[in-house]
Protein chains: 2
Amino acid sequence: MLSKSAEYALRATIYIALKGSEDNKLGIDEIATAIDSPQYFTAKILQLLTKNNGVVSSVRGPNGGFYLTDAARKLPVRAVLEAVGEDGIITKCVLGLKECSESRPCPMHEQYRYIKAQLRQMFEKTSIQDLANESGKGKIVINNRQIKTK
Amino acid sequence: MLSKSAEYALRATIYIALKGSEDNKLGIDEIATAIDSPQYFTAKILQLLTKNNGVVSSVRGPNGGFYLTDAARKLPVRAVLEAVGEDGIITKCVLGLKECSESRPCPMHEQYRYIKAQLRQMFEKTSIQDLANESGKGKIVINNRQIKTK
DNA sequence: TTGAAAAAAGATAAATTAGTCTTTATTTAT
DNA sequence: ATAAATAAAGACTAATTTATCTTTTTTCAA
């Protein structure tokens, strides 16, 4: 469904939203451990998220780390996917046809249209903060690990 | 969304359903050209489809080629995905968590559950023949090319 | 103003997926 | 029986994605 990059991007973003703040920046090691992802690779992905769409903010040096601004928290989940170049799920044809549209639909188009619209809804109407809130409900989990909300 | 393998598998299967029959078997070159896919690679995929789930049938030698049995035509689209090992879309967690379930849901679980159910519906309730019929409606297209139904 | 802590950037490696080519086996027709 | 047509099987190459390691830059605190 999604690439590893996209999965890590989402998990990392949710984790940062949940545990980080401007005066509690999180280090890459903590993040990678928490979401159970390869550290260096996750670092690369966070770089993408800081460069594109301003999803994640970062500062270097002592007490540096990653956090989300209030504005970033309001961004739709789609912004995360876009930042890692992975929004094809809601833009491309299921059968991979370049030219597939209402006027020239592929054999699955009719059926998939509605589902695609819902995926789009989900990724556009849900904000990063919304996901963090879900995660905060206690029983909800990132990577098999209960996250303690402060 | 889907891998190239899965896309080619679906396109090839639909094409064979539409144009082939037990006494009009289709050659790999025709198929690959028609669905605009790399020939040798598509051959590999058709091998998978003949070995797994009996989606496609084939015979070698002169006048050999690929076709679908009547039974195969009734198979759900999911059988094609399974045959190429690509049914993760309807089985796996969006965030890639190993342990994500009703009792231990990931932050997107609630939202995605319904969509996943619909994807499953689509892939399980739609048969290969159904897709071929769609394709037969005339304006519908495999790979930007109008397929002439006899 | 120096040292240490952090992310950024860059270079490389490993794994997976996609794609190609060659050889073999099977089938049909002559 | 033999030759030709075809898919199957296997070996190989290329591209992309995933992952790791090293070096550089920035920032803070002593």
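Computed over heavy atoms, backbone and side chain alike; hydrogens, waters and symmetry mates excluded. Every chain is numbered from 1, with letters handed out A, B, ... down the list of sequences.
- Listed in residue order, the members of residues 58-68 of chain A having a heavy atom less than 4.0 Å from DNA chain D are Arg60(A), Gly61(A), Pro62(A), Asn63(A).
- Listed by first then second residue, pairs satisfying side-chain hydrogen bond (donor to acceptor under 3.5 Å, both in side chains) with a partner in residues 57-71 of chain B number zero, not counting sequence neighbours.
- If you check every strand for non-hydrogen atoms under 4.0 Å, Ile31(A) touches nothing.
- Residues satisfying the side-chain contact (heavy atoms from CB on, under 4.5 Å) criterion with Asn52(A), sequence neighbours excluded, are Leu48(A), Ala83(A).
- Residues satisfying the side-chain contact (heavy atoms from CB on, under 4.5 Å) test with Glu7(B), not counting sequence neighbours, are Leu2(B), Lys4(B), Arg11(B).
- Every residue was checked against the side-chain contact (heavy atoms from CB on, under 4.5 Å) condition with Tyr40(B), not counting sequence neighbours, and none meets it.
- Connectivity analysis of hydrophobic side chains (ILVMFWY, heavy atoms under 4.5 Å, direct or indirect) links Tyr114(A) to Tyr114(B).
- Residue pairs satisfying the ring pair (Phe, Tyr, Trp, His ring centres under 6.0 Å) criterion with at least one member in residues 75-103 of chain B, sequence neighbours excluded, are absent.
- Shown here are the side chain to side chain donor-acceptor pair (under 3.5 Å) partners of Ser5(A), two or more places apart in sequence or in another chain: there are none.
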Where protein sits on nucleotides 11-18 of chain D, one letter per nucleotide: B base, S sugar-phosphate only, - none, heavy atoms under 4.0 Å: B------B

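- Summary for the helix from dT1(C)-dA30(D) to dT30(C)-dA1(D): the axes at its two ends, each from 5 pairs, differ by 0° when rounded to the nearest 10 degrees.
- Here Glu82(B) pairs with Asn53(B), Arg78(B), Asp87(B) under the side-chain contact (heavy atoms from CB on, under 4.5 Å) rule; sequence neighbours left out.
- Looking at residues two or more places apart in sequence or on another chain, you find a ring-ring contact (aromatic ring centres under 6.0 Å, His included) between Tyr8(B) and Phe41(B).
- Across all strands shown, Leu46(A) has no heavy atoms under 4.0 Å from either base or sugar-phosphate atoms.
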